[in-house]
Amino acid sequence: MKPFARIILFLCAVMMLTATVDLPDWADPGSPASTHLSPGFIEQGYHETATPNVVTAVLADYRSYDTLFESVVVFAASLVVMLVLRRTSTGTSRIKHFRPKREGRDTILRGAAQSIIPVMQIFALYVLFHGHYSPGGGFQGGVIFGASFILLSLCYSLKFAMQRFKEKMVLICCACGALLYAGIGAVCLAMGWNFLGYAGLAGLLGVTDVMARSHGILAVEAGVGITVMAVMVSLYYDLASGGDMEEGL
Amino acid sequence: MTWDANLLWQFDMLILLMMVICAVAALSLKGLVSSAVVTGAYSFFTCLMWTHMMAVDVAFTEAAVGAAVSTVIIVATAQYINPWSKD
């Protein structure tokens, strides 16, 4: 079977490399994407959304549906992992694992974790709320915030992390983030604009249409951040403990 | 800002070389945890490549998701695989 697999692999590689020739050059100004869409976003983006980072403006405003359903997909992934792995009964049918035994209290590791986790969380919030001006945004900020809980769980224990961030709370956060995003869209719809047309928030917030779009981007980024943070923690809880939430890595 | 793509082609080649080395090492290493760590290193070089292509947002995502969280998740999954099995 092995030579057969290699032939298939080789053929796939040849086909992909052949297809690569037809792609436009890197940063080619004459490629279709650069001639029609990009100039509009780059020239109009700041005047329409008051967001200097054009990537954030495209991600959370012009292509907001994509981002909404991305966060829903992430949410669904965490639900599926939980459906497959989570068990309430413990002891009888545990998945066999091969993790090394933990012995003693690793003081240096815990001290390092203790000093780095607050910095990570502040940095995550900075990345989230500074996404208008610098690289970053809800997704990255959420992942960094979730990673701080994963680090806590790795350096102390799964139980210790679960006392700080309970499983129920994780699930509520998962759902609330996606709900916040969709809720913003629904509010815009109720104000007589399109779904996720943030200019509809202008009347509620008492600002101009342009500023309303900027604030709308911030709100949905916060929603994405909450969902992604909770999903990362939920995935780790389920995968590290094999679903019984007794003992992690 | 202007950016000459040919300015740092040696840097590009170095990253490409390191990515290929990481990819081959991840497949050929015996230990599962070492494979996972090398996968993280591969993600890190991908992240450097994105930075070199001026796609800083993508690089940031790659650094946060690829190099950090997915490595942890791969290690968390690898603990259920028998390290002494023949396959």
Side-chain angles (χ1 to χ4, degrees), chain A residues 25-28 53-59 70 74 77-78 81 85 94-100 120 123-124 127 130-131 134-151 153-154 158 225 228-229 231-243 247-249, chain B residues 1-9 11-13 15-16 20 23-24 27 30-37 40 43-44 47-87:
Chain A
D25 277 347
W26 178 62
D28 178 16
N53 184 1
V54 73
V55 178
T56 304
V58 171
L59 194 81
E70 256 167 43
V74 170
S78 87
V81 169
L85 286 178
R94 286 200 64 172
I95 302 175
K96 204 175 170 198
H97 65 78
F98 300 91
R99 70 174 80 97
M120 271 175 86
F123 179 64
V127 167
H130 210 254
S134 62
F139 199 84
Q140 293 91 330
V143 170
I144 296 172
F145 210 99
S148 74
F149 285 107
I150 293 177
L151 183 67
S153 167
L154 280 174
L158 190 72
V228 169
M229 180 263 294
V231 164
M232 292 301 154
V233 177
S234 157
L235 283 181
Y236 177 77
Y237 282 176
D238 279 318
L239 286 171
S241 68
E247 184 197 3
L249 272 178
Chain B
M1 193 199 294
T2 55
W3 179 252
D4 185 7
N6 297 318
L7 194 67
L8 281 172
W9 66 270
F11 186 64
D12 234 8
M13 283 296 132
I15 295 174
L16 185 64
V20 171
V24 172
L27 287 176
K30 286 280 171 274
L32 287 167
V33 175
S34 25
S35 276
V37 171
S43 280
F44 173 71
C47 165
L48 279 183
M49 190 69 111
W50 292 127
T51 320
H52 186 220
M53 289 175 144
M54 304 284 282
V56 192
D57 282 84
V58 187
F60 199 179
T61 315
E62 181 71 39
V65 182
V69 173
S70 72
T71 309
V72 174
I73 286 178
I74 292 172
V75 172
T77 317
Q79 61 175 328
Y80 304 110
I81 300 169
N82 188 346
W84 299 283
S85 89
K86 291 281 184 337
D87 304 323

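Reminder, nothing fancy here: chain letters follow the sequence lines and each chain counts from 1.
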Where on [X] is there a heavy atom nearer than 4.5 Å to chain A: the side chain, the backbone, both, or neither?
| X | answer |
| --- | --- |
| B:I81 | backbone |
| B:V65 | both |
| B:T61 | both |

Residue [X] versus chain B: region with a heavy atom under 4.5 Å:
| X | answer |
| --- | --- |
| A:V143 | both |
| A:V127 | side chain |
| A:L239 | both |

If every non-hydrogen atom of B:D57 is compared with every non-hydrogen atom of A:G136, which pair is closest and at what distance?
OD2-N, 3.2 Å
